[in-house]
> 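Once you've had a glance at the structure underneath, I'll fire off some questions.
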Amino acid sequence: MMHNPLRPPPPLRLVDAAPAPSSATPQAIIRVEDLSIVFDVRRGQVIAVDRVSLAVMSGEFVSLVGPSGCGKSTLLNAMAGLERPFEGQVMVAGEPMLAPRPDIGMVFQQPHLFPWKSVRRNIAHGPRALGKSKAEALRTADDLIEMIGLTKFANAYPHTLSGGMQQRVAIARALANQPRVLLMDEPFGALDAQTRAVMQDNLLELRDRINATIVFVTHDIDEAILLSDRVLIMSAGPGRILRDLSVGLPRPRSSAILTDPAYLALKRDCLDLIRTEGRKAFEQMETVT
Amino acid sequence: MSIGGRNRANAAGRLSVLVGVLSVPTFVGVWELIARSRIVNAVLFPPPSTVAVAVLDWIHSGQFFEDLSASLFRVTAGFLIGTAGGIMLGVLTGQFRLVSSLLSPLFHILRPIPPIAFVPIVILWFGLSEAGKLFLVVWGVFFTVWLATHIGVQKVDRGLIRAAQMLGTPRRQMLSEIVLLGALPYIVVGLRTAVSISFYTLVAAELAGAFAGIVYRIEIAQQNMQTGQVMGGLAALGLLSFIADRSFAAIAERAVWWR
C-alpha cells in the first residue's frame, strides 16, 4: 500500500565505502513525532511507548537501549510498520509508516528463515517478491552470500546451520532488497557470547559496505556503544527516551575499543542511568503486584 | 561377558526375525487345519486354499480388475477432490477470521456425523450413480483435511509471516507459499488420516449399491454364499488400504522436503 512502484529502489551499494554524500545539513530519514503506542490487555490498556520523539539521520547507526519491557522493540516495530501508532506518527523517508515497506528491512531476534528454502533462495525471496527476475534475484543472493562468507552453504537448508550462521543469512536476506533503513531487534540476543562478538565485528565491517541507516535495539550497553554513532537510553515502561548520547569514538572500530578510557567513561554514564531506571521498573512491578 | 551378552542379544534378534517371517504362514496353516478338521462348518469358514481358488477365479474371470479399478477410482477421485477442497477452505478459515466465523461453526456441526449415516439421503439424491459414491468419499475426506489445514494455518510461526511482510511478499504469495508451506507438516498428518477414512467411506458407498467394486463383489458373493470369495475380497481390501497407507507414508516423508 505504501510502496510506490514508480520510485525505483536505490542502487545496491555494496562496494562503495564512502558515507552518503549528503548536503551540508544531514537529512533525517526517520522522524518519530510524539509517538504513543497503547496495547489492550485483559484489564484495560498498557502504554508501551509514551510520547516519544526522535530523529535518525541518513546513514546513522543508532541504538535503542533500555530495560526489558521498556517498549524499545515496540518502538522499532512502529518504525517497521508492524505496529500502528495510537498517537503521533512515524515518518520514514517522508512518508508515514502504516504498513511494512520493502525499502525498510528488519532483522529479528530469531532468524525466522523460511525452513523450506535453501540459504540462496531465502535471500532471493525479497527481490523475487518485488518482481525481480529469478536470475537477477539469485545473482543478488550470491553476492550477499559471498559477503557473509557462507558460499559453501548456499544450498543448505536453514536447520542445518548454527544460530550465528542463520542470523547472518537473516541479515543478508534483509539486505537483498537494498533497504534504505535496516531495523535490528536484538539480533544477537539469542547467540552465545563468542558468536555474538564475531557477529558484532561482522556487522561493523558490513555496515561500511552497505551504507544503510541502522536502528539497533539491544539491552547490552557494550554492544550499543561499540556499534553506534548514537545511543538512545529509554526509561522503564512506559517507554520514553531518557538520554541521547553521542558516541564520539573513532571508526573503524573493533571490539578492541572495549578497554578504551573514553569508552569506559561513556559506559559508566549509561550504566548509572540504566541502573536507576532498572530499579524504578522493579519497584513499579512490586507496587503493581 | 560382554561378548556373551552380544551373542545373546544377536540370538534374540535372529529369533524375533524368524518368528516375524513365520507369523503369517503359521496363522494361515492353523486356519487351514481348523477349517478342514470339521470342527467348524467349512461352508461358512472356508480354508485358505478355498479362498485362494476363489481369488484366482476372480482374477481369471477379468472381474477382479474391473472391481479394482472401480474402487480405486472412487477412492482416488474422492480423496483428491476432498483434499483440494479441504486445503483451500482450511487456508481461508485459518487465515481470515471472518471466513472462519462464517464457516467453522457449520463445519464443526457437520464434521462429527459419520459419513455412513449419509447413505440413505445420498441414495435419494444421487440414486445408484457414481456421483453419490464420490460424494460420500469426498465428504469423509474433506472435514479431516479441512480441520488439519485450519489448525496448521493457525500454528504457522507468526515470525515467518512478519519476516515475509517485511520483505514485501505480495498477499497472494503469502497465502500460497508462506502460510501453506508453514502449515504443510500439519496438513500431511491430516492427509494420512484421510487415506484410511477414504477406504471406510468406500465400503459404505459400495454397500449402498454399485455395479462394480471390491466391496460390491464381497456383497454379491455373500448373497451367493460364496464365502471363499467374500474372504478373498476382504483380503484384497485389506491389502489395498495397507499399500495405500504405506505408500502415502513414504510420500509424506518427502512432502515436507526440508526436514
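In what follows, chains are A, B, ... by sequence order, proteins preceding strands, each numbered from 1.
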> OG1 of B/T169 to CG of A/L130: how many Å apart, nearest 0.5 Å?
8.5 Å
> If you take all heavy atoms of A/A129 and B/L167, which pair is closest and at what distance?
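Minimum heavy-atom contact is CB-O, 4.0 Å.
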> Can you tell me how far the CG atom of B/L180 sits from the CH2 atom of A/W116, to the nearest 0.5 Å?
9.0 Å
> Taking every non-hydrogen pair under 4.5 Å, which of B/E177, B/Q173, B/Q165 racks up the most with chain A?
B/E177
> If every non-hydrogen atom of B/G168 is compared with every non-hydrogen atom of A/P102, which pair is closest and at what distance?
CA-CB, 4.4 Å
> Return the option, out of A/H125, A/Q110, A/H159, with the maximum number of heavy-atom pairs under 4.5 Å with chain B.
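The option with the most such pairs is A/H125.
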> So with a 6.0 Å cut-off around CZ of B/F96, is the heavy-atom count from everything else above 12?
yes
> Determine whether more than 12 heavy atoms belonging to other residues, nucleotides or ligands lie under 6.0 Å from atom CZ of B/F248.
yes
> For A/Q89, look at atom CD and say whether over 12 heavy atoms of other residues, nucleotides or ligands are found less than 6.0 Å away.
yes
> Evaluate the criterion side-chain contact (heavy atoms from CB on, under 4.5 Å) for residue pair A/R173 and B/M166; output intermediate values, then yes/no.
CA-CA 10 Å; A/R173 183 177 64 172; B/M166 291 308 298; over 6 Å; no
> Is it the case that over 12 heavy atoms from other parts of the model lie below 6.0 angstrom from the CG atom of B/L98?
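No, not enclosed.
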> If you count heavy-atom pairs within less than 4.5 Å of chain B, which of A/G105, A/G131, A/P115 leads?
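Option with the greatest count: A/P115.
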> I need the B/I178 CD1 to A/K117 NZ distance, nearest 0.5 Å.
6.0 Å
> How about OH on B/Y186, more than 12 heavy atoms from neighbouring residues, nucleotides or ligands closer than 6.0 Å, or not?
no
> Can you tell me if A/R207 has over 12 outside heavy atoms packed within less than 6.0 Å of its CZ?
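Counting neighbours around CZ of A/R207, more than 12 heavy atoms of other residues, nucleotides or ligands fall under 6.0 Å, so yes.
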> Is atom CD of B/E253 surrounded by more than 12 heavy atoms (other residues, nucleotides or ligands) closer than 6.0 Å?
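Counting other residues, nucleotides and ligands, CD of B/E253 stays at 12 neighbours or fewer.
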> With a 6.0 Å cut-off (strictly less than), is the heavy-atom count around CZ of B/R97, excluding the residue itself, greater than 12?
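Not more than 12 within 6.0 Å, no.
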> Hey, could you give me the CD1/NE2 distance between B/I161 and A/H112, rounded to the nearest 0.5 Å?
11.0 Å
> Out of B/A164, B/P170, B/G159, B/G182, return the one with the most heavy atom pairs under 4.5 angstrom to chain A.
B/G159
> Under the side-chain contact (heavy atoms from CB on, under 4.5 Å) criterion, do A/F114 and B/D157 qualify, and how do the steps go?
CA-CA 10 Å; A/F114 306 123; B/D157 181 4; over 6 Å; no
